[in-house]
Student: 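Here you go, one structure.
Only this structure's heavy atoms are used, side chains among them; waters, hydrogens and symmetry mates stay out.
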Amino acid sequence: MPELPEVETIRQRLIKGFEQSPSILNQRVRSCQLLWSGSLATPNPQTFLSFMPGQEILAVNRRAKFLYFSLSDAYLVVHLRMSGDLYLEKQTETAPYRNPDHDRFWMDFDSGWRLVFNDMRKFGRVWLLNDTSKLFSKLGPEPFDEKLTAEVFYGMLRERSRQLKPLLLDQHFIAGIGNIYSDEALHKAGLHPTRVSSSLNGDEAKKLLDSIRFVLSKGIDQKGASIDWVYRGGDFQNYFQVYQQEGNPCPRCGHPIEKIKVAQRGTHFCPVCQRRSS
DNA sequence: CTGGCTCCCTGAATGC
DNA sequence: TGCATTCAGGGAGCCA
């Protein structure tokens with residue numbers, strides 16, 4: 001499930017080229033195909049398909065878990081949600097590691113390369129917009145934003161009284177964190193997932209922010225995590241301390257990792273290293 | 001403001 | 001073996 005590090009990895013690969021694939025920058029769209037119209041959030045398919053040909057990819061950026069492509073005359077925004085992925089491959093070939101039955105959308109470039117949006121569970125969405133500000137307006141800060149200091153983060157935690165786990169998952173609070181990295185960050189910080197945000201002191205807030213940045217950086221360094229049948233290449237899964245480690249010893253103290261439900265989400269933690277009050 | 005729940009989806013895992 | 005049920009998960013939206 002792509003979170004910030006996975007989305008960032010995809011972005012870097014599209015920009016720099018990956019394996020045999022070239023950079024997507026300056027590629028010109030020749031034609032598009034929408035294989036499942038539900039993937040298109042806006043506009044309607046006819047408008048979308050007639051607009052795209054001739055557009056060039058000028059930039060690829062990321063906001064939270066959204067990827068957005070600056071085109072000649074608009075923005076193409078993609079959210080991968082659970083199972084989405086993007087592949088740049090030759091129009092005549094299908095990469096062996098994906099199932100073409102789950103292709104939802106692609107665009108063919110003049111160069112003979114094709115950008116494929118593949119999404120088994122159909123939760124992912126594509127938007128064609130003149131302006132991204134409305135779509136992004138309610139998102140919380142980027143975790144690596146320099147303006148997000150420990151003091152600011154402490155204030156954000158204090159003005160809410162929510163459990164830490166659902167708060168970290170809330171994209172309006174802070175952007176880009178999903179289930180894997182929230183569990184890893186809370187373990188690194190030694191904080192219980194149900195601890196109430198307003199109960200943290202300044203040191204704990206700083207430790208949590210540092211831990212969020214540490215695990216996200218590590219994830220980016222490892223080119224993301226490859227779990228389930230989704231995504232490929234990254235190996236952050238080999239560095240999980242708690243995520244999907246139920247019953248395995250905590251790397252820090254050796255106590256078995258427990259799995260509970262918090263706000264309907266599977267949550268992994270060490271009951272010794274992450275006590276409810278500390 | 002907060003939590004709880006549903007919906008959207010598919011396929012792997014589990015149960016009988 | 002084969003069928004049915006359960007579960008996972010990001011995010012929007014609804015209700016209490």
Student: Under 4.0 Å between a side-chain N/O of A:His79 and OP1 or OP2 of C:dG11, yes or no?
Tutor: yes
Student: Just checking, is any N or O donor in the side chain of A:Gln245 or A:Gln241 under 3.5 Å from an acceptor N or O on the other one?
Tutor: no
Student: State whether the distance check finds a donor on one side and an acceptor on the other, under 3.5 Å, for side chain A:Arg125 versus base C:dG11.
Tutor: no
Student: Tell me the interatomic distance from A:Gln244, atom CD, to C:dG9, atom P, rounded to whole angstroms.
Tutor: 8 Å
Student: Once you round it to whole Å, what is the distance between P of C:dG11 and CG of A:Leu139?
Tutor: 9 Å
Student: Measure from NZ on A:Lys122 to P on C:dA12 and round the result to the nearest Å.
Tutor: 21 Å
Student: Specify whether A:Phe240 and A:Phe236 have parallel, tilted or perpendicular ring planes, treating 30° as the upper limit for parallel and 60° as the lower limit for perpendicular.
Tutor: perpendicular
Student: Before we go on, tell me: are the rings of A:Tyr181 and A:Tyr243 under 6.0 Å apart, centre to centre?
Tutor: no
Student: Can you find a side chain N or O atom of A:His102 that sits less than 4.0 Å from OP1 or OP2 on B:dG11?
Tutor: yes
Student: Calculate the interatomic distance between A:Ile177 atom CD1 and C:dG11 atom C1'; express it in whole Å.
Tutor: 15 Å
Student: In Å and rounded to the nearest 0.5 Å, what is the CD1 to CZ distance from A:Ile15 to A:Arg13?
Tutor: 13.0 Å
Student: Going by atom types alone, do A:Gln27 and A:Ser111 pair a side-chain donor with an acceptor below 3.5 Å?
Tutor: yes
Student: Set out, in order, the CA-CA distance, both residues' side-chain angles and the distance that settles salt bridge (Lys or Arg N to Asp or Glu O under 4.0 Å) for A:Glu151 and A:Lys206, then state yes or no.
Tutor: CA-CA 8 Å; A:Glu151 292 71 28; A:Lys206 181 182 188 313; over 6 Å; no
Student: Could you tell me the separation between the NE2 atom of A:His102 and the CG atom of A:Asn118, rounded to the nearest 0.5 Å?
Tutor: 7.5 Å
Student: Going through the distances and angles, do A:Gln163 and A:Leu167 end up as a side chain to side chain contact (heavy atoms under 4.5 Å, CB included)?
Tutor: CA-CA 6 Å; A:Gln163 296 178 334; A:Leu167 189 58; over 6 Å; no
Student: Are the ring of A:Phe123 and the base ring of C:dG10 both nearer than 5.5 Å at their centres and tilted by less than 30°?
Tutor: yes
Student: Name all residues meeting the ring pair (Phe, Tyr, Trp, His ring centres under 6.0 Å) criterion together with A:Phe69; count only those two or more places apart in sequence or in a different chain, and write none if there are none.
Tutor: none
Student: What's the CG-C1' distance between A:Leu4 and C:dG10, to the nearest Å?
Tutor: 14 Å
Student: Taking OP1 and OP2 of C:dG11, is either one under 4.0 Å from a side-chain nitrogen or oxygen of A:Lys65?
Tutor: yes
Student: Contacts to DNA chain B from residues 160-172 of chain A, heavy-atom cutoff under 4.0 Å, which residues?
Tutor: A:Arg160, A:Ser161, A:Arg162, A:Gln163
Student: Using the C1' atoms of the five pairs at each end, what is the angle between the end axes of the helix from B:dT2-C:dA16 to B:dC16-C:dG2, to 10°?
Tutor: 60°
Student: Rounded to whole angstrom units, what separation is found between the CG atom of A:Leu80 and the P atom of B:dC9?
Tutor: 17 Å
Student: Would you call the rings of A:His192 and A:Phe269 parallel, tilted or perpendicular, taking 30° and 60° as the class edges?
Tutor: perpendicular
Student: Measure from CE on A:Met120 to C1' on B:dA12 and round the result to the nearest Å.
Tutor: 9 Å
Student: Rounded to whole Å, please give me the gap between CZ in A:Arg81 and P in B:dC8.
Tutor: 13 Å
Student: Can you list everything that forms a side-chain hydrogen bond (donor to acceptor under 3.5 Å, both in side chains) with A:Ser182? Sequence neighbours excluded, please.
Tutor: none
Student: What ring-ring contact (aromatic ring centres under 6.0 Å, His included) pairs are there with at least one residue in residues 107-129 of chain A, not counting sequence neighbours?
Tutor: A:Phe66-A:Trp127
Student: What are the atom names and distances for every N/O pair under 3.5 Å that joins the protein to nucleotides 6-8 of chain C?
Tutor:
from  : atom 1 : to       : atom 2 : distance (Å)
C:dA8 : OP2    : A:Lys261 : NZ     : 2.7

